[in-house]
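Shown next, in structure tokens, is the structure this report addresses.
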Amino acid sequence: MRVLNHLSEETSPYLLQHAYNPVDWYPWGEKALQKARYEDKPILVSIGYSACHWCHVMEKESFEDEETAQLMNKYFVNIKIDREERPDLDHIYMDAVQAIAGAGGWPLNVFLTPDCKPFYGGTYFPPQRAFNKPSWKEVLSGVYQLFTDKRQEIESQAEELTQHIGKSSIAAQLKNTIDVDGKEIFSWREANLIFENIINQADKVWGGFGNAPKFPQTFTIKYLLRYYHYTKNENALKYACLSLDKMLYGGIYDHIGGGFARYSTDAQWLAPHFEKMLYDNALIISTLCDAYQLTRNKRYKDTVGQTIDFIKRELMNDEGGFYSALDADSEGEEGKYYVWSFEEIKEILENDAGLFCEFYDISPQGNWEHKNILRVLIPAPEFAKTKSINEAEFEAFLKACAEKLLQARGKRVRPQLDDKILLGWNALMNIALSKAAVAFEEASYKELAVKNIKFLLLQFAADKGLMHHTFKNGIAKYPAFLDDYAYLIKACIQLQEVTSEQTYLQNALLLIDTVIENFGENINDHFHYTGKKQEDVIIRKKEIYDGAIPSGNSVMAANLFYLSMVFNKKEWKERAIKMLNDLSEMIIKYPTSFANWACILIDQAALVNEIAIIGKDFIPLRDELLSHFIPNKILQSTEISSGNEFPLLSNKTALQEPLVYLCRNYSCSSPQKNLDMIIDQIASGINFKDNYNN
């Protein structure tokens with residue numbers, strides 16, 4: 001009979017997966033930490049997440065093994081952490097392992113002194129020696145012997161490593177050597193250098209940046225789209241769309257059910273790591289909306305629609321909250337739910353199988369481990385032409401076949417759902433829905449965004465304006481992190497633009513005050529990742545890199561720029577300038593690691609368009625404006641000016657018809673009834689060549 005360990009009362013699906021392990025796992029908390037101090041034992045912290053394939057592998061090989069568990073229980077206090085519940089702890093101990101081993105990843109296994117300072121660690125360890133790695137049992141015995149025999153050295157090493165992590169996390173360490181006043185950095189010269197450095201890393205054949213494994217890197221694509229918008233450089237659009245198209249055609253995209261996997265293991269986007277994460281899909285949707293507004297490519301619109309349908313079908317609860325992820329594995333096998341044999345397709349599609357299989361590269365021998373991952377080698381319009389088939393009829397054919405396969409796939413054992421709801425990831429999805437609503441003029445997306453934000457503001461609220469990080473089974477817990485607040489503020493800003501409800505700006509104002517009070521020490525510095533009242537971390541880090549998700553600091557810089565204009569808060573703009581200036585050299589040299597920062601920089605170089613739409617029946621004008629790609633804008637719209645509450649709206653009036661007011665660079669043009677004239681004025685204000693040559 002299996003015995004439950006201390007994880008049995010947790011809500012995280014990842015932690016509950018380990019609740020029956022013979023390892024005496026504890027969740028992170030005072031009970032486990034006090035036990036380590038009292039027994040003077042080293043702590044083993046193992047960090048992963050529910051959709052992590054190699055986490056499952058190590059669990060099966062080692063954590064479910066009785067003999068291995070006895071070693072772990074004898075020598076260590078064992079703590080399991082869901083990295084998505086506690087990204088703050090993951091950041092700290094991931095930095096430690098990267099410093100120790102030169103690389104990181106999940107599962108993350110790190111050994112701590114009883115006062116939680118790291119001294120050794122790694123990622124996956126096999127049950128027997130393999131892959132030039134020692135076995136997990138050897139690691140356990142060796143680490144404990146080292147801790148016992150050389151305790152003083154271990155303590156000293158742990159202290160040095162902790163100090164190193166603390167110093168490396170300070171954003172000011174990356175301050176550029178050029179003393180600027182906020183104007184020189186925001187120039188086309190820097191924007192052009194960023195573009196050149198991105199193109200140097202671009203895969204000119206298969207899209208993406210760098211070598212396999214390939215991640216979507218949506219912020220880098222967003223920068224290229226902005227660069228094209230401002231400069232009309234065709235190469236920028238070419239390589240942005242190449243990356244998007246290759247992902248859309250590749251196996252990283254689920255051609256049957258919609259949605260994107262986390263990354264591709266190969267350079268051609270064929271074989272994904274099959275987990276589907278909410279944040280990836282939110283960020284890709286946002287990027288596809290930008291690309292659609294610039295290109296009007298129907299494929300982008302269709303992909304967004306199919307992906308949102310997937311999220312509504314498989315990742316949404318009745319209250320409008322979005323779950324975190326779907327596992328990569330089912331029935332203990334990675335990708336089993338998503339791949340097909342040639343015979344399965346023939347049996348389901350019968351006479352339609354031949355054409356369908358030819359289009360999606362499905363063959364008897366398979367294109368991945370003797371199975372088939374659907375991918376497109378020739379785009380549908382070109383393929384239909386080679387077969388002398390009407391394009392619309394061919395698309396209808398593919399859709400009908402996909403529906404049959406989706407129905408058949410629904411009978412398989414589904415991957416496990418990680419049904420915790422995270423504030424930050426939901427806010428990213430909210431932003432994506434708002435963008436999709438205006439890009440495709442789809443009211444249902446806006447309605448879903450409104451429903452979601454109501455759920456977030458209600459269910460994640462804590463005391464004194466603070467928020468929680470995660471929600472499940474009616475319980476919200478853990479203090480929200482910087483990312484959570486930053487993304488939620490941006491979601492409020494975005495929703496205000498698409499709904500004209502100024503209450504969202506008031507929400508954003510309260511949230512930004514909370515961030516400044518709880519996450520910032522110096523008025524001109526970057527923000528900590530954790531709030532000042534959080535006491536169970538050994539250091540408070542400042543995260544600045546844009547990784548799989550944008551750094552909370554880069555999003556906060558954009559929020560400060562925007563809301564400084566809305567509420568006439570000069571000190572917020574000065575802080576944002578300082579944040580951007582301090583990182584300018586790194587942004588220019590390593591733009592794929594600072595791509596969201598780079599987007600802010602180029603928007604500021606292009607100058608911000610302050611737009612107010614005022615008057616009766618203003619909504620058609622607002623929606624038409626929002627259908628255009630104008631990333632460097634601040635927009636407020638209303639039927640009646642609201643006095644001096646919002647400077648952008650004050651002292652502006654309209655008589656019979658709504659008027660559009662445009663201000664930029666401390667100068668305002670005369671109000672216009674004709675939106676085309678405003679769009680032309682915005683376009684004419686972008687003078688790349690003159691700015692670059694100065």
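Numbering of residues begins at 1 and proceeds along the displayed sequence.
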One pair to check against side-chain contact (heavy atoms from CB on, under 4.5 Å): Tyr26 and Lys80. What are the steps and the verdict?
CA-CA 6 Å; Tyr26 285 80; Lys80 255 292 170 194; over 6 Å; no
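- At least one side-chain heavy atom of Leu560 sits less than 4.5 Å from a side-chain heavy atom of Met579.
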One pair to check against salt bridge (Lys or Arg N to Asp or Glu O under 4.0 Å): Asp266 and Lys214. What are the steps and the verdict?
CA-CA 7 Å; Asp266 63 286; Lys214 279 186 176 176; over 6 Å; no
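- For the pair Leu7/Leu16, no side-chain contact is recorded, criterion being any heavy-atom separation below 4.5 Å from C-beta on.
- Residues Asp419 and Lys472 are paired through a salt bridge, judged by an N-O separation under 4.0 Å between the basic side chain and the carboxylate.
- Using a 3.5 Å distance cut-off with no hydrogens or angles, the side chains of His56 and Asp327 do pair a donor with an acceptor.
- Checking side-chain atoms of Asn553 against main-chain N and O of Glu543 turns up a donor-acceptor pair under 3.5 Å.
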Residues Glu535, Arg540; criterion salt bridge (Lys or Arg N to Asp or Glu O under 4.0 Å); working and verdict:
CA-CA 9 Å; Glu535 298 177 348; Arg540 294 179 68 202; over 6 Å; no
Go through the steps to decide whether Ile549 and Asp483 satisfy the test side-chain contact (heavy atoms from CB on, under 4.5 Å), and finish with yes or no.
CA-CA 9 Å; Ile549 54 178; Asp483 290 357; 3.7 Å; yes
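- For the residue pair Glu66/Gln70, the side-chain donor-acceptor check at 3.5 Å is not satisfied.
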Given side-chain hydrogen bond (donor to acceptor under 3.5 Å, both in side chains), test Tyr49 with Glu275 step by step and report yes or no.
CA-CA 11 Å; Tyr49 58 102; Glu275 65 261 44; 3.2 Å; yes
In sequence, state the C-alpha distance, the side-chain angles, and the governing distance for Cys55 and Tyr14, and then conclude on side-chain contact (heavy atoms from CB on, under 4.5 Å).
CA-CA 10 Å; Cys55 299; Tyr14 175 68; 4.2 Å; yes
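- Remark: of the listed residues Lys542, Lys578, Arg575, Lys542 is the sole one forming a side chain to side chain donor-acceptor pair (under 3.5 Å) with Asp525.
- Judged by distance alone, the side chains of Asn452 and Asn426 do bring a donor and an acceptor atom under 3.5 Å apart.
- Checked for salt-bridge contact, Arg86 and Asp536 meet the test: a charged N lies under 4.0 Å from a carboxylate O.
- A donor atom on one side chain and an acceptor atom on the other are found under 3.5 Å apart for Tyr124 and Glu61.
- Checked against the 6.0 Å centroid criterion, the rings of Phe519 and His528 do not qualify as a close aromatic pair.
- Here the side chains of Ile165 and Lys541 are in contact, with some heavy-atom distance below 4.5 Å.
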side-chain hydrogen bond (donor to acceptor under 3.5 Å, both in side chains) assessment of His468 paired with Asp484:
CA-CA 9 Å; His468 288 106; Asp484 296 311; over 6 Å; no
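- A salt bridge does not link Glu314 with Lys276: none of the charged nitrogens is closer than 4.0 Å to a carboxylate oxygen.
- In this structure, Phe111 and Phe76 have tilted ring planes: the angle between them lies in the 30° to 60° band.
- The six-membered or imidazole ring of Tyr253 lies away from that of Trp269, with a centre-to-centre distance of 6.0 Å or more.
- With contacts defined as side-chain heavy-atom distances shorter than 4.5 Å, the pair Pro272/Ser264 does not qualify.
- Using a 4.0 Å cut-off between a side-chain N of Lys or Arg and a carboxylate O of Asp or Glu, Glu159 and Lys117 qualify as a salt bridge.
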Walk me through it: do Ser46 and Asn109 pass the test side-chain hydrogen bond (donor to acceptor under 3.5 Å, both in side chains)?
CA-CA 4 Å; Ser46 183; Asn109 295 291; 2.8 Å; yes
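- Taking the six-membered ring where the residue is Trp, Tyr529 and Phe481 present parallel rings, their angle staying beneath 30° rather than reaching 60°.
- Contact detail for Ile539 and Ile92: the closest heavy-atom pair is O-CD1, 3.5 Å.
- Inter-residue side-chain proximity for Met316 and Tyr323 is flagged as unmet; no heavy-atom pair is nearer than 4.5 Å.
- Rounding to the nearest 0.5 Å gives a distance of 12.0 Å between CZ of Arg83 and CG of Asp88.
- A side-chain donor-acceptor contact under 3.5 Å links Asn78 to the backbone of Met72.
- Between Asp40 and Lys35, none of the side-chain N atoms (NZ, or NE/NH1/NH2) sits under 4.0 Å from a carboxylate O, so this pair counts as no salt bridge.
- Under the 6.0 Å cut-off for aromatic ring centres, Phe471 and Phe455 qualify, their centroids lying closer than that.
- Scanning both residues, Ala476 and Phe460, for their nearest heavy atoms gives CB-CA, 4.5 Å.
- For the pair Met556/Val515, a side-chain contact is recorded, criterion being any heavy-atom separation below 4.5 Å from C-beta on.
- The closest side-chain heavy-atom distance from Pro42 to Tyr75 is not below 4.5 Å.
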With side-chain hydrogen bond (donor to acceptor under 3.5 Å, both in side chains) as the criterion, how do Ser554 and Asp546 come out once you've worked through the C-alpha distance, each side chain's angles and the decisive distance to 0.1 Å?
CA-CA 8 Å; Ser554 68; Asp546 297 317; 3.0 Å; yes
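- Between the side chains of Gln201 and Thr592, a donor-acceptor pair is found at a separation under 3.5 Å.
- For His6 and Trp28, the gap between ring centers reaches or exceeds 6.0 Å.
- A side-chain contact (heavy atoms from CB on, under 4.5 Å) with Phe119 holds for exactly one of Ile100, Val110, Val143; it is Val143.
- Between Lys60 and Glu64 there is no salt bridge, since none of the side-chain N atoms of the basic residue sits less than 4.0 Å from a carboxylate O of the acidic one.
- A donor-acceptor pair under 3.5 Å is absent between the side-chain atoms of Arg129 and the main chain of Pro134, judged by distance alone.
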Is there a side-chain contact (heavy atoms from CB on, under 4.5 Å) between Asp418 and Leu326? Walk through the geometry before answering.
CA-CA 6 Å; Asp418 187 330; Leu326 284 173; over 6 Å; no
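- Remark: Trp106 CH2 to Cys52 SG distance equals 8.5 Å, nearest 0.5 Å.
- Relative to the six-membered ring of Tyr338, Arg412 misses at least one condition, a distance below 6.0 Å or an angle of at most 45° to the axis.
- Within the 4.5 Å cutoff, no side-chain heavy atoms of Glu369 are placed close to those of Lys371.
- Nearest heavy-atom pair across Ile311 and Phe322 is CG2-CD2, 3.6 Å.
- Asp82 places no side-chain N or O within 3.5 Å of a backbone atom of Pro13 that could act as its donor or acceptor partner.
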